[in-house]
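Read through the structure below, which is laid out as structure tokens, and then see the notes.
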Amino acid sequence: MAQKPSIPKGTRDFSPAEVNKRNYIFDTIKKHFQIFGFQPIETPSFENSETLMGKYGDEGDRLIFKILNSGDFLSKVDDVTYSSKNSGSLTPKITEKALRYDLTVPFARYVVMHQNEIDFPFKRYQIQPVWRADRPQKGRFREFYQCDADVVGANSLLQEVELIQLYDAIFTDLKLEGVHIKLNNRKVLAGIAEIIGAKHLLVNFTVALDKLDKIGEEGVKKEMLEKGISEESIAKAAPLFSLSGSTGEQLTMLKELLQDSEEGLEGIRELQFVMDTVKEIGLQSAQLSLDVTLARGLNYYTGTILEVSAPEGVKMGSIGGGGRYDDLTGIFGLKNVSGVGISFGLDRIYLVLEELGLFPKTLEQSIEVLCLNFGEEEALASLKLINTLRKLGVKADLYPTDAKIQKQFKYANNRNVPYVILLGEKELVENAFVVKNMANGEQKTFSIDSIEDFIASL
RNA sequence: GUGGUUGUAGCUCAGCUGGUUAGAGCGCUGGAUUGUGGUUCCAGAGGUCGCCGGUUCGAACCCGGUCUUCCACCCCA
């Protein structure tokens, strides 16, 4: 007895309707990427392990899918390593490749490998699946698509401004209005850590701070203490917890707090510039705000940090994020190439659009015209008609068998076909065809010699 | 990786403290209606109760394991 087939945890099949909706998002994102001057690249699904390992922190390494070596991979492992049963030391010896974890690190590798062919500044976009050995939840999968746009080789903060405009353009076009773009700067975080005397604990400090809206001030303080940050330090950071008011007021308060940190003040200047310039140009529907608690776990960000969350009332994690990384290509041996980029989480955007009912109704239509099948002779005439319609760009189809007309109509109805053509015995004689508008039930007769009249009525 | 949760017809879900032949709505198929769908009426098909094992005279129900779903951590898109 055959077992019921299944697919691995955290993976999905997509039905025609779902693929259509996903493509709608892909196409919208792609369109704006190109309008903003980004060019597409693609990289392999899997990379050499050393390209990926160590780039996302210990937590990230754990979530990277490793690919078992081919052939007799165990024979090359020495007895000591083998019998110690230590996954940490055994893993590197039996896996040399790993599935891509995000698109940014492979892109950095790409830039380094192709540095002599690339004209900098290089603006690239990349839309491909990535894999994470995470435990799935709603909106979290083990295979999912990322849509990235990055610029490398340009230090200008105008890039940040442009990427914010790009977020705004895409979400506005998707009719997802009112998304929140949160802005922060790693230098500000580093400056604060420096001022409070916890510079060596920067990562622990920021990870804890990032949870402010979730676990509250007391929770954050508790976590900081647990991570080895002294009470004295935490007290110094206190103003952060009660930061409020307009962007300008917040920046003024931060400036005061950071007056003895050169790095921190630099971060403030950067934030100020980006905020001011975006304000000058204006956004269509997105809301940009400052959020000093925004940290994001990825270690490689060095300047601007961006995160996008769904509009008020939609329960969903972030639907996009990004930032500036000055050293990413440095890991692969290319110094002084600054990069800044943003990412869109397709699957989460999908869930948000679905929840808010923002997908266009036309996506549910597979064809515009279905021609009913009345029998051999009529079908032949229908095919000729459809052939003409197709040449004119109309999505048209013939019902393949002369099933009962009722059944054929039902099929058209279920497929959301807006127009049904009836070309039966009677019409065949009269060299005509009847068009039924499925929405209102109206029927009109057209001559086969003047199909244009029908097209014009669509 | 830690702790919990879920799984019954194509879909959404009932199913009592373990007790004959596991139900409903929607969908599907056929008919009322041999050239007219979306409304209505009638009839029908469709189930290894996630999987493996255990307890029991008897298991959808209890126990163990496993897979899956979702949730809280962790982390993140």
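Note: hydrogens, waters and symmetry copies are ignored here, and every other heavy atom, side chains too, is used. Numbered from 1 within each chain, the chains take letters A, B, ... in sequence-line order.
- Salt-bridge annotation for A:E430 and A:K426: absent, with no side-chain N of the basic residue lying under 4.0 Å from a carboxylate O of the acidic one.
- Spacing between B:rA43 and B:rG4 at atom P, rounded to whole Å, works out to 49 Å.
- Nucleotides B:rU21 and B:rU17 have their C1' atoms positioned 23 Å apart, rounded to a whole Å.
- Checking the phosphate oxygens (OP1, OP2) of B:rU68, a side-chain nitrogen or oxygen of A:K9 falls inside 4.0 Å.
- One can find a donor-acceptor pair under 3.5 Å joining the base of B:rU2 and the side-chain atoms of A:R135.
- Between A:V352 and the choices A:I319, A:L358, A:L174, the side-chain contact (heavy atoms from CB on, under 4.5 Å) rule is met once, by A:I319.
- For A:K211 and B:rC73, the shortest distance from a side-chain N or O to OP1 or OP2 is not below 4.0 Å.
- Residues A:E442 and A:K436 are not paired through a salt bridge, judged by the lack of any N-O separation under 4.0 Å between the basic side chain and the carboxylate.
- Going from atom CG of A:N440 over to atom P of B:rG37 covers 16 Å, rounded to whole Å.
- A:I181 and A:A286 make their closest contact through CD1-CB, 3.8 Å (heavy atoms, listed as atom of the first residue, atom of the second, distance).
- Atom CG in A:L294 sits about 12 Å away from atom P in B:rC76, given to the nearest Å.
- Closest approach to the A:I405 side chain among B:rA77, B:rC75, B:rU36 is made by B:rU36 (side chain taken as heavy atoms from C-beta onward).
- With contacts defined as side-chain heavy-atom distances shorter than 4.5 Å, the pair A:M275/A:E270 does not qualify.
- Using atom P as the reference point in both B:rG3 and B:rA45, the two lie 48 Å apart (nearest Å).
- Between B:rC70 and B:rG7, the two P atoms lie 14 Å apart (nearest whole Å).
- Base pairing annotation: B:rC70 forms a Watson-Crick or G-U wobble pair with B:rG4, both donor-acceptor distances under 3.5 Å.
- Mapping A:S6 and A:F144 onto RNA chain B by nearest heavy atom places A:S6 closer to the 5' end of the strand.
- Of the candidate nucleotides B:rA72, B:rC75, B:rG37, B:rA72 has the atom nearest to the side chain of A:Q137.
- What separates NZ of A:K436 from C1' of B:rG37 is a distance of 6 Å, to the nearest Å.
- For the pairing with A:V434, the side-chain contact (heavy atoms from CB on, under 4.5 Å) check across A:I421, A:L372, A:T445, A:L423 returns one residue only, A:T445.
- For residues 360-382 of chain A, every residue pair satisfying the side chain to side chain donor-acceptor pair (under 3.5 Å) rule, not counting sequence neighbours, is listed here: A:S366-A:R415.
- Listed by residue number, A:R348, A:F374 are the residues of residues 348-383 of chain A with a heavy-atom contact under 4.0 Å to RNA chain B.
- Aromatic ring centroids of A:Y145 and A:F344 lie 6.0 Å or more apart.
- B:rU69 and B:rG37 have their P atoms separated by 42 Å, with the value rounded to a whole Å.
- Taking the ring centre of A:F46 as origin, the terminal cationic atom of A:K66 falls outside the region bounded by 6.0 Å and 45° from the ring axis.
- Counting atom types as modelled, A:K426 pairs no side-chain N or O with a base atom of B:rG35 as donor and acceptor under 3.5 Å.
- Distance A:D58 CG to B:rC76 C1': 16 Å, rounded to the nearest Å.
- Put simply, CD on A:E226 is 14 Å from C1' on B:rC74, counting in whole angstrom units.
- Across all strands shown, A:G139 has heavy atoms under 4.0 Å from base atoms, whether or not it also approaches the sugar-phosphate.
- B:rG25 is paired with B:rC11 under the Watson-Crick or G-U wobble criterion, all donor-acceptor distances under 3.5 Å.
- Residue-to-nucleotide proximity on RNA chain B shows that, of A:L422 and A:E307, the 5′-proximal contact is made by A:L422.
- Not a single donor-acceptor contact under 3.5 angstrom links the side-chain atoms of A:R415 to the base of B:rG37.
- Within the nucleic acid shown, A:E425 comes within 4.0 Å of at least one base atom, counting heavy atoms only.
- In this structure, CD of A:Q126 is placed 15 Å from C1' of B:rA77, rounded to the nearest angstrom.
- Within 4.0 Å of A:S318, counting heavy atoms only, lie sugar-phosphate atoms of the nucleic acid but no base atom.
- Comparing the P positions of B:rC11 and B:rU5 gives an interatomic distance of 25 Å, to the nearest angstrom.
- Counting any heavy atom pair closer than 4.0 Å across all strands shown, A:A439 reaches a base atom.
- Not less than 6.0 angstrom separates the ring centroid of A:Y125 from the ring centroid of A:F38.
- No engagement by A:Y411 is indicated, since no non-hydrogen atom pair under 4.0 Å with the nucleic acid exists.
- Going from atom OH of A:Y399 over to atom P of B:rU36 covers 16 Å, rounded to whole Å.
- A centroid separation of 6.0 Å or more is found between the aromatic rings of A:F65 and A:Y101.
- A distance of about 29 Å separates the C1' atoms of B:rC16 and B:rG27, rounded to the whole Å.
- Contact annotation: the side chain of A:T51 approaches that of A:F332 to within less than 4.5 Å [non-hydrogen atoms, C-beta and beyond].
- Scanning atom types as modelled, no donor and acceptor separated by under 3.5 angstrom connect the side chain of A:Q443 and the base of B:rG35.
- Note that A:R22 lies in the cation-pi zone of A:F14, set by a 6.0 Å cut-off to the ring centre and a 45° limit from the axis.
- Summarising the geometry, the separation between CG on A:D210 and C1' on B:rC73 is reported as 15 Å, rounded to the nearest angstrom.
- With both ends at atom C1', the span from B:rU8 to B:rU68 equals 15 Å, rounded to whole Å.
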Pairs under 3.5 angstrom, nitrogen or oxygen only, protein versus nucleotides 27-34 of chain B, please.
residue : atom : partner : partner atom : Å
B:rC28  : OP1  : A:N414  : ND2          : 3.2
B:rG31  : OP1  : A:K404  : NZ           : 3.3
B:rG31  : OP2  : A:K404  : NZ           : 2.8

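- Looking at A:N413, its side chain comes within 3.5 Å of the base of B:rG37 through a donor and an acceptor atom.
- The side chain of A:R140 lies closest to B:rC76 when the candidates are B:rC76, B:rU36, B:rG3.
- Within 4.0 Å (heavy atoms only), A:G322 reaches no atom of the nucleic acid at all.
- When heavy atoms are screened at a 4.0 angstrom cut-off, A:E427 is found touching base atoms of the nucleic acid.
- Pairing for B:rC62 goes to B:rG54, judged as Watson-Crick or G-U wobble with the two contacts each under 3.5 Å.
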